[in-house]
2 protein chains.
Amino acid sequence: MSYNTLTDHIKTYIDLSEKELTEIASFFDYHSYKKKETLLVEEKRCDQLFFVGKGCLQLYFIDSLGNKKTTQFAIETWWLTDFLAFQNQHPANFYVETVEKSEVLSISFSKYQELLAQFPKMEKYFRSIYEMAYGAALMRLKYINNYSKEEIYYRFKNKFPEFVQRVPQYVLASFLGLTPEYMSEIKRHTHA
Amino acid sequence: MSYNTLTDHIKTYIDLSEKELTEIASFFDYHSYKKKETLLVEEKRCDQLFFVGKGCLQLYFIDSLGNKKTTQFAIETWWLTDFLAFQNQHPANFYVETVEKSEVLSISFSKYQELLAQFPKMEKYFRSIYEMAYGAALMRLKYINNYSKEEIYYRFKNKFPEFVQRVPQYVLASFLGLTPEYMSEIKRHTHA
């Protein structure tokens, strides 16, 4: 992965010259991570916003029984952090971890502010991304409140078949609110 | 309510002249609604974004048993619509309804595009709003996945005491995933 994954993604939302895109890319740091590396720790300052160039990240917390619970994941071209903690510069309420070997671009809060001040067009890019992400979160809350866990799995599988192939089963199970055992059972019963 | 609620709110995020704010306000239509009026219907085109000047709106759907389920609500200075359907101009997955007598500013999708094109500074305003809303939705998903329904009620009450006073009990119960009967029981047991 080069910085092109990011600049190509930005170009699908806003018009920028190659020079501007190169300057924008320079605000980001590139990191290559192994599977299960930690990028953000709960209760620590949340100073980084992550863009997945390759691989998969998850946003999770540890529940009262000590289980990891996946609240969100992110694959190529998705953004991830604890957005509330990042925006308010409060301690994080989540962990961020690589689900698999990943290549990630990150930007600090102060650089993010500089980037937006220097390239106001990037406001449109992030506005579009967050508008969509918020809308999708409301749809997810509807699903949780409307369907059985089995139905949630099938609707998710029909809508995003590539994710079901792509994301490890234990992450997907946690994201959909299923135990890994329950998900195995659903899949076994239906050859899903 | 005048258009000032909106322009005052915008001013807390971005610098604009009084002339610009007056022009921005002219993109919006003002409506006064009674309690329980419908502003958006599921499966119909989602062409409006709503700003609550006074009162309270809810975003809800009808579940498979015919019950109204509140996915989100909005009080003064909050924005509400089916954001995914609005952005993609797809049929709505939700209804929007007034919870109480409300004064609302609305903007159509085409006017919203014009507004953002004519006043690019508004991208920053909406980027900030959606970034926060998405972050809050992730926190809500964490709560749902981490706490018992009773704990969710108490944590919500401690964090947002004014909402518990303000929002009708049946809406709050639905938003928190409780039955109205269960919420009455919690409140009775603890004099909450």
Side-chain angles (χ1 to χ4, degrees), chain A residues 13-14 42 46 49 59-65 67-72 79-88 90 92-94 112-113 116-117 120-148 151 174-177, chain B residues 13-14 42 46 49 59-65 67-72 79-88 90 92-94 112-113 116-117 120-148 151 174-177:
Chain A
Y13 288 85
I14 49 172
E42 190 175 356
C46 177
L49 173 60
L59 183 82
Y60 74 90
F61 64 93
I62 311 278
D63 74 6
S64 43
L65 301 171
N67 300 313
K68 263 187 184 178
K69 293 274 183 85
T70 306
T71 299
Q72 184 61 54
W79 293 88
L80 195 67
T81 194
D82 177 346
F83 290 92
L84 216 51
F86 182 70
Q87 193 181 47
N88 299 322
H90 286 166
N93 286 290
F94 294 97
Y112 178 65
Q113 300 302 322
L116 293 168
K121 282 185 194 172
M122 288 296 287
E123 294 282 4
K124 180 188 170 80
Y125 171 73
F126 283 110
R127 189 266 302 163
S128 306
I129 300 289
Y130 298 146
E131 187 175 334
M132 204 157 36
Y134 179 47
L138 292 176
M139 276 305 291
R140 201 167 140 211
L141 286 158
K142 176 178 174 175
Y143 271 43
I144 291 173
N145 210 6
N146 198 26
Y147 299 118
S148 71
E151 279 177 311
S174 179
F175 177 74
L176 297 176
Chain B
Y13 288 84
I14 50 173
E42 190 175 355
C46 178
L49 173 60
L59 183 82
Y60 75 91
F61 64 93
I62 311 280
D63 75 5
S64 43
L65 300 172
N67 299 312
K68 262 187 186 181
K69 292 275 184 81
T70 306
T71 299
Q72 184 61 54
W79 293 88
L80 195 67
T81 194
D82 176 345
F83 289 93
L84 216 49
F86 182 70
Q87 193 181 46
N88 299 322
H90 286 169
N93 287 290
F94 294 97
Y112 178 65
Q113 301 303 322
L116 293 168
K121 281 186 194 172
M122 287 296 286
E123 294 282 4
K124 180 188 170 83
Y125 171 73
F126 283 111
R127 188 268 302 164
S128 306
I129 299 291
Y130 298 146
E131 186 175 333
M132 202 157 37
Y134 179 47
L138 291 175
M139 276 305 289
R140 203 168 139 212
L141 285 159
K142 175 177 174 175
Y143 271 42
I144 290 173
N145 210 5
N146 198 27
Y147 299 118
S148 71
E151 278 177 312
S174 178
F175 178 74
L176 297 175

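No experiment lies behind these values; they were computed from the predicted model shown.
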### Query
chain A: which of B:A85, B:A137, B:S64, B:A133 shares the most heavy-atom pairs with it under 4.5 Å?
B:A133
### Query
Are A:P120 and B:K121 side-chain neighbours, meaning at least one heavy-atom pair lies under 4.5 Å?
no
### Message
As an exercise: rank B:K69, B:E131, B:M139, B:M132 by heavy-atom pairs under 4.5 Å with chain A and give me the winner.
### Response
B:E131
### Query
If you measure from CZ on B:F94 to CG on A:L141, what distance do you get to the nearest 0.5 Å?
8.0 Å
### Query
Tell me, side chain or backbone of B:Y60 under 4.5 Å from chain A's heavy atoms, or both, or neither?
neither
### Option in A:R140, A:Q72, A:M122, A:K142 with maximal non-hydrogen atom pairs under 4.5 Å from chain B
A:K142
### Query
When A:N146 is tested against each of B:T71, B:D63, B:N67 for side-chain contact (heavy atoms from CB on, under 4.5 Å), which residue passes?
B:D63
### Query
Which region of A:F126, side chain (C-beta onward) or backbone (N, CA, C, O), has a non-hydrogen atom less than 4.5 Å from a non-hydrogen atom of chain B, or is it both or neither?
both
### Query
Side chain, backbone, both or neither: which part of A:L65 has an atom under 4.5 Å from a heavy atom of chain B?
neither
### Message
Rounded at 0.5 Å granularity, tell me how far CD1 in A:I14 sits from CD in B:E123.
### Response
9.0 Å
### Task
Can you spot which of A:F83, A:Y130, A:Y134 makes a ring pair (Phe, Tyr, Trp, His ring centres under 6.0 Å) with B:Y134?
A:F83
### Query
What's the verdict on side chain to side chain contact (heavy atoms under 4.5 Å, CB included) for A:F61 and B:N145, showing C-alpha distance, side-chain angles and the deciding distance?
CA-CA 10 Å; A:F61 64 93; B:N145 210 5; 4.0 Å; yes
### Message
What part of A:N93 gets within 4.5 angstrom of chain B, counting heavy atoms only: side chain, backbone, both, or neither?
### Response
both
#### Entry: Side chain, backbone, both or neither of B:S128 within contact of chain A (heavy atoms, under 4.5 Å)
both
### Query
Side chain, backbone, both or neither: which part of A:I144 has a heavy atom under 4.5 Å from chain B?
side chain
### Task
Sort A:Y125 into side chain, backbone, both or neither according to what part of it lies under 4.5 angstrom from a heavy atom of chain B.
neither
